[in-house]
Amino acid sequence: MTATDAPSAPALTGRRPVLVTGGAGFIGCNVAERLARSGHDVLIYDALARAGVERNLAWLKEKHPTKISVVIGDIRDEASVAAAAGEAAAVFHFAAQVAVTTSLVDPKDDFTVNVAGTIALLEALRRRDNPAPLLFASTNKVYGDLADIPLEATNDAYLPRDGELRVHGINEERPLDFHTPYGCSKGAADQYVLDYARSFGVPTVVMRMSCIYGPRQMGTEDQGWVAHFLIRALEGSPITIYGDGRQVRDILNVSDAVDAYLAAWRRIAVVQGRAFNLGGGPENAVSLRQLLRHVEDLIGRPLQLVFDEWRAGDQRYYVTDTRRVRQALALPRPVTWRKGVAELATWLAQERGLPEITGGRRPAEALP
Ligand SMILES: NC(=O)c1ccc[n+]([C@@H]2O[C@H](COP(=O)([O-])OP(=O)(O)OC[C@H]3O[C@@H](n4cnc5c(N)ncnc54)[C@H](O)[C@@H]3O)[C@@H](O)[C@H]2O)c1
């Protein structure tokens, strides 16, 4: 992508800040950085609930000391959320309980953060005379485990038997089917966000995202698997694969996700009230096994893999049909996954003081 075709942030809107909830987190801080770089004042609202995200805040404040303000607060705190959203020119809503695993341990906490927190924000906007746009980070998990899609297994990956699906991926016509508490809470929030456009005229957009990866991702076993695998590989620690490793995802570089969010804001008059599937698309579809091979290539030594049972709600195959989002938001071609993953490996090694990636050789031992 060149500088000229990169979607930029919308025109400056006076001194009204742009609110980024979860702005210390992975996607939120990348959005905040791009906004600040484009000259916007950015208000970050985050509870610092995720380990390590304070490093993202420090990075943002160092890069843009006059553009970034921060409220440390919980998205369920209605008064505090209303104060933050009261003057916002736009709201990017990323604050969430983000992991399926944790939602199974504490479904009520997951519900209150993801549903009640989102409603607190929507209500704050509804009360305004002229509600600001809200852009919401939803998930492909709203489509459930997709177990009805007939698949075939190759040595490396699951693939749909249906030719159309194989070529294009899953589009927005797919029926909603919430699985796991996380799927339910994100799905409910997704539907409230769309309904506040329908019932109250709040200009909202929903992005149902596949796996996003890239710099400033504090990946763990619970969420952020691309960064998690790389961190474990760089440290020389074992990696647990839940299932057989043939599960396929279309991964999207965070810079491309940021482009999509900013384009949605810029085109809000046209796209309000709509939900889009956002991911790397068929050209960035990769199985866990294929990604791990690439990681082996990058670091030049075999990985230690441990296989365990499938996890609840895990889709065997999810690839985004990106035609609608790319057309509606005039998005450029995304970063190719091999290049993006190599860049993330380099960034993680530098950030954690681990040995530099030199581009290794193919190890003798292959994955099973
Ligand atoms: N990363 C992905 O691949 C992906 C895929 C689909 C959807 N999403 C959604 O995108 C959003 C951002 O995800 P991310 O990967 O950047 O995760 P992240 O964990 O890095 O960011 C989430 C942020 O929300 C904050 N937060 C958590 N609970 C909070 C609370 N109660 N009040 C205020 N702040 C709170 C955390 O401290 C964190 O900074 C989430 O809504 C997530 O569900 C992410």
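In each ligand, atom 1 is the first atom listed, and ligand 1 is the first ligand listed. Nothing here was measured: the structure is a model prediction, and the numbers come from that model.
- Nearest protein heavy-atom neighbour of atom 43 (O) of ligand 1: Tyr182 OH, 2.8 Å.
- For atom 41 (O) of ligand 1, the nearest non-hydrogen atom of the protein is Lys186 NZ, 2.7 Å.
- Taking 4.5 Å as the limit, every side-chain heavy atom of Glu296 sits out of range of all side-chain heavy atoms of Arg301.
- The distance from ligand 1 to the heavy atoms of Gly73 drops below 4.0 Å at these ligand atoms: 32 (N), 33 (C).
- The OG atom of Ser210 sits 6.0 Å away from atom OH of Tyr318, with the distance rounded to the nearest 0.5 Å.
- Listed by number with element, the atoms of ligand 1 under 4.0 Å from a non-hydrogen atom of Val113 are 31 (N).
- Not a single heavy atom of Gln97 lies less than 4.0 angstrom from ligand 1.
- The shortest N or O to N or O distance between Ala49 and ligand 1 is under 3.5 Å.
- Regarding atom 5 (C) of ligand 1, its nearest protein heavy-atom neighbour is Ser210 O, 3.4 Å.
- In this structure, Val42 and Ser69 have side chains that are not in contact, with every pair of non-hydrogen atoms separated by 4.5 Å or more.
- Counting only heavy atoms of the protein, atom 37 (O) of ligand 1 lies nearest to Asp46 OD1, 2.7 Å.
- Inclusion of Met209 in the set of residues having an N or O under 3.5 Å from an N or O of ligand 1 is not warranted.
- Under the 30°/60° scheme for interplanar angles, the aromatic rings of His294 and Trp337 are found to stand perpendicular.
- The closest approach between any non-hydrogen atom of Gly23 and ligand 1 is not below 4.0 Å.
- Backbone and side-chain nitrogen or oxygen atoms of Arg50 are examined, and one is located within less than 3.5 angstrom of a nitrogen or oxygen of ligand 1.
- Contact annotation: for Asn140 versus ligand 1, there are no heavy atoms closer than 4.0 Å.
- With contacts defined as side-chain heavy-atom distances shorter than 4.5 Å, the pair Ile119/Glu78 does not qualify.
- Close approach of ligand 1 to Gly22 (heavy-atom distance below 4.0 Å) involves ligand atoms 23 (C), 24 (O).
- No continuous path of ILVMFWY side-chain contacts below 4.5 Å connects Leu122 to Leu135, so the two sit in separate hydrophobic clusters.
- For ligand 1, the polar-atom distance check finds no N/O of Ala95 at less than 3.5 Å from any of the ligand's N/O atoms.
- At a 3.5 angstrom cut-off on N or O pairs, Val98 does not count as close to ligand 1.
- Scanning the protein heavy atoms around atom 22 (C) of ligand 1, the nearest turns out to be Phe94 O, 3.9 Å.
- Between Tyr242 and Glu309 there is no side-chain heavy-atom pair separated by less than 4.5 Å.
- Proximity of Met209 to Thr139: side-chain heavy atoms (C-beta onward) are nowhere separated by under 4.5 Å.
- The nearest heavy-atom contact from the protein to atom 20 (O) of ligand 1 is Phe26 N, 2.8 Å.
- Checked against the 6.0 Å centroid threshold, His40 and Trp265 count as a close aromatic pair.
- Between Gly25 and ligand 1, an N or O atom pair is found at a separation short of 3.5 Å.
- Where the criterion is an N or O separation shorter than 3.5 Å, residue side chain and backbone included, Gln217 fails it with respect to ligand 1.
- For the pair Tyr45 and ligand 1, no heavy-atom separation below 4.0 Å is found.
- Using bins of under 30°, 30° to 60° and over 60° for the plane-to-plane angle, the ring pair Trp225/Phe229 lands in the perpendicular bin.
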Worked check of side-chain hydrogen bond (donor to acceptor under 3.5 Å, both in side chains) between Gln97 and Asp110: CA-CA 6 Å; Gln97 192 302 106; Asp110 175 80; 2.7 Å; yes
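- Within the 4.0 Å heavy-atom shell around ligand 1 one does not find Gly117.
- Aromatic pair Phe94/Tyr261: ring centres closer than 6.0 Å.
- A side-chain hydrogen bond (donor to acceptor under 3.5 Å, both in side chains) with Thr320 is found for one member of Asn284, Asn277, Asp250 and no other, namely Asp250.
- No side-chain donor from either of Thr101 and Tyr182 sits under 3.5 Å from a side-chain acceptor of the other.
- The shell of residues lying under 4.0 angstrom from ligand 1, judged by heavy atoms, includes Gln223.
- Once rounded to the nearest 0.5 Å, the distance linking CZ of Arg311 with OG1 of Thr240 reads 9.0 Å.
- Of the residues listed (Arg293, Arg246, Arg289), the one engaging Asp156 in a salt bridge (charged side-chain N to carboxylate O under 4.0 Å, His left out) is Arg293, and it is the only one.
- Checked by atom type, the side-chain pair Arg50/Gln223 shows a donor-acceptor distance below 3.5 Å.
- The shortest distance between side-chain heavy atoms of Val271 and Leu329 falls below 4.5 Å.
- Taking a cut-off of under 4.0 Å to the non-hydrogen atoms of Leu48, the atoms of ligand 1 that pass are 37 (O).
- The nearest non-hydrogen atom to atom 28 (N) of ligand 1, considering only Ala47, Ala96, Ala120, comes from Ala96.
- The shortest N/O to N/O separation between Cys211 and ligand 1 does not fall below 3.5 Å.
- Looking from atom 16 (O) of ligand 1 to the surrounding protein, the closest heavy atom is Ile27 N, 2.9 Å.
- Interface of Ala24 with ligand 1, defined as ligand atoms under 4.0 Å from a residue heavy atom, comprises 39 (O).
- Residue contacts with ligand 1 include Ser138, since one of its heavy atoms falls under 4.0 Å from the ligand.
- Among Ile212, Ile251, Thr112, Leu252, the residue whose heavy atom sits closest to atom 3 (O) of ligand 1 is Ile212.
- Looking only at protein heavy atoms, the nearest one to atom 32 (N) of ligand 1 is Ile75 N, 2.9 Å.
- Not a single heavy atom of Gly224 lies less than 4.0 angstrom from ligand 1.
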